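Input: a single structure, listed below in structure tokens.
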Amino acid sequence: MTAQAYDAPALDDLLWVADEVWHALLGEEEGLDRLDHPRDMSGGPVETVWSAGVSISGTWQGNVTVELGTTAAVALTARMLALGPGEAVADADLADAIGELVNMIGGNVKSLMPGPSMLSLPMVAAGRAAHSSDSVEALRFDAAWRGEPIRFSVHVPRS
Amino acid sequence: MKILIADDSRVMRQIVIRTLRQAGHGGHDIVEAENGRQALAMVATEAPDLVLSDWNMPEMNGIDCLSALRASGSQVPFGFVTSEGSEEMRARAASAGAAFLIAKPFTPEAFDDALRSVI
């Protein structure tokens with residue numbers, strides 16, 4: 001986990017938001033385990049990493065990103081759509097599900113920061129999130145769900 | 001009762017329908033729209049008794065949809081289900097004529113409370 005030196009939500013607030021979203025989307029019995037030592041998010045030879053992000057622009061500016069592997073993304077999508085065992089998860093549904101996940105977290109981050117500001121529509125891609133050189137990671141925490149790593153981060157303009 | 005659910009996310013529309021059921025409102029007819037523009041058209045063609053709409057959508061967002069509805073003379077009860085629950089957003093929703101704003105993440109109890117205010 002990283003603590004911020006920039007104008008960003010408090011780490012505890014981001015943790016709280018992520019927990020609340022997780023429980024609301026997946027059920028009270030599903031929890032995030034916080035990892036003090038981040039796991040490799042680069043993806044192995046068969047495991048693709050998915051990333052989803054929203055940007056907030058206005059009085060406060062920043063980008064909120066979630067990254068997770070295909071195993072976690074497929075399980076999360078199946079859970080959100082209440083799919084039965086063996087039902088296939090389409091890429092479009094997977095992108096929709098993790099886009100909605102980051103939309104919820106981003107919307108709550110926006111509410112925590114000074115306004116007025118605008119929340120973008122979510123962007124989802126297969127691959128690690130790339131951030132421009134004029135932004136800096138202000139906040140990050142690594143977690144695991146069902147043993148699979150998930151990373152939440154907030155990037156802000158470099159001052 | 002017919003409820004129009006407007007959200008660009010199919011996953012979220014499914015979650016809203018599931019949450020309505022969990023809140024004890026599973027017996028209603030549900031129609032779905034993928035954005036505000038489609039919702040605006042469907043209010044005319046489907047005559048829903050309630051619109052539950054996301055705020056941030058492509059084509060037309062929820063607040064513009066609500067404004068267009070009111071400008072056209074429609075007084076259909078309209079509530080937001082959105083990830084943005086700040087006081088500023090709640091004030092904008094109320095001044096545009098929304099009956100309520102349910103912030104994501106939400107609970108079945110939040111849906112029940114909100115729907116009871118318009119049913």
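Reminder, nothing fancy here: chain letters follow the sequence lines and each chain counts from 1. In this text the structure is predicted, and so the values were computed from the model without any measurement.
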Going hydrophobic residue to hydrophobic residue with side-chain gaps under 4.5 angstrom, can you get from [X] over to [Y]?
X       : Y       : result
L14(A)  : L101(A) : yes
L68(A)  : V17(A)  : yes
V51(B)  : V81(B)  : no
M118(A) : V154(A) : no
L15(A)  : M113(A) : yes

**Report entry** Pairs flagged by side chain to side chain donor-acceptor pair (under 3.5 Å) wherever residues 76-90 of chain A is involved - sequence neighbours left out
**Finding:**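 For residues 76-90 of chain A, and leaving out neighbouring residues, the side chain to side chain donor-acceptor pair (under 3.5 Å) pairs sorted by first residue read E29(A)-R79(A).
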Query raised in the report: Going from CG on D7(B) to CG on N103(A), what distance comes out if it is rounded to the nearest 0.5 angstrom?
Result: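 Reported value, rounded in 0.5 Å steps: 8.0 Å.
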Requested in this report: Mind running side-chain contact (heavy atoms from CB on, under 4.5 Å) on L25(A) and K104(B) for me, showing each step along the way?
Outcome: CA-CA 9 Å; L25(A) 285 178; K104(B) 304 174 190 173; over 6 Å; no
Query - pair L121(A)-D8(B): side-chain heavy atoms closer than 4.5 Å - result: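 The answer is yes, as the side chains (C-beta and beyond) meet within the 4.5 Å cut-off.
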Query raised in the report: Sub-3.5 Å donor-acceptor pair from the side chain of D96(A) to the main-chain atoms of S9(B), do we have one?
Result: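 Not at all, since once roles are kept as given, no pair shorter than 3.5 Å links the two residues.
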Query raised in the report: Under the 3.5 angstrom rule, does the side chain of D93(A) hit a backbone N or O of V11(B) as a donor-acceptor pair?
Result: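 No, D93(A) side chain to V11(B) backbone: no donor-acceptor pair under 3.5 Å.
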Query raised in the report: Could you go step by step and tell me if M104(A) and M12(B) meet the side-chain contact (heavy atoms from CB on, under 4.5 Å) rule?
Result: CA-CA 11 Å; M104(A) 271 196 215; M12(B) 186 47 59; 3.1 Å; yes
**Report entry** Any residue meeting ring pair (Phe, Tyr, Trp, His ring centres under 6.0 Å) with F100(B), in chain and number order, not counting sequence neighbours
**Finding:**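 Listed in chain order: nothing, the list is empty.
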Query - For chain B, the option from P116(A), A24(A), S120(A), G107(A) that forms the most heavy-atom pairs under 4.5 Å - result: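 Heavy-atom pair counts peak at G107(A).
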Requested in this report: Please look at A92(A) and chain B and tell me whether the side chain, the backbone, both or neither of the residue comes under 4.5 angstrom of a heavy atom of that chain.
Outcome: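 For A92(A), neither part sits under 4.5 Å from chain B.
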Query raised in the report: So what's closer than 4.5 Å to chain B heavy atoms on E20(A): side chain, backbone, both or neither?
Result: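 Both backbone and side chain of E20(A) come within 4.5 Å of chain B.
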Query - chain A-proximal positions within residues 33-50 of chain B [heavy-atom distance under 4.5 Å] - result: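 Residues in range: none.
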**Report entry** Set of residues satisfying salt bridge (charged side-chain N to carboxylate O under 4.0 Å, His left out) with respect to K110(A), sequence neighbours excluded
**Finding:**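 For K110(A) the salt bridge (charged side-chain N to carboxylate O under 4.0 Å, His left out) partners, ignoring immediate neighbours, are E84(B).
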Query raised in the report: Is the number of heavy atoms from other residues, nucleotides or ligands under 6.0 Å of R146(A) CZ greater than 12?
Result: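 Yes.
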**Report entry** Between Q14(B), R10(B), M89(B), the one whose heavy-atom pairs under 4.5 Å with chain A are most numerous
**Finding:**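 With the most close heavy-atom pairs to chain A, the winner is R10(B).
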**Report entry** Largest heavy-atom contact set with chain A, pairs under 4.5 Å, which of E87(B), R18(B), E88(B)
**Finding:**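 Looking at each option in turn, the highest pair count goes to R18(B).
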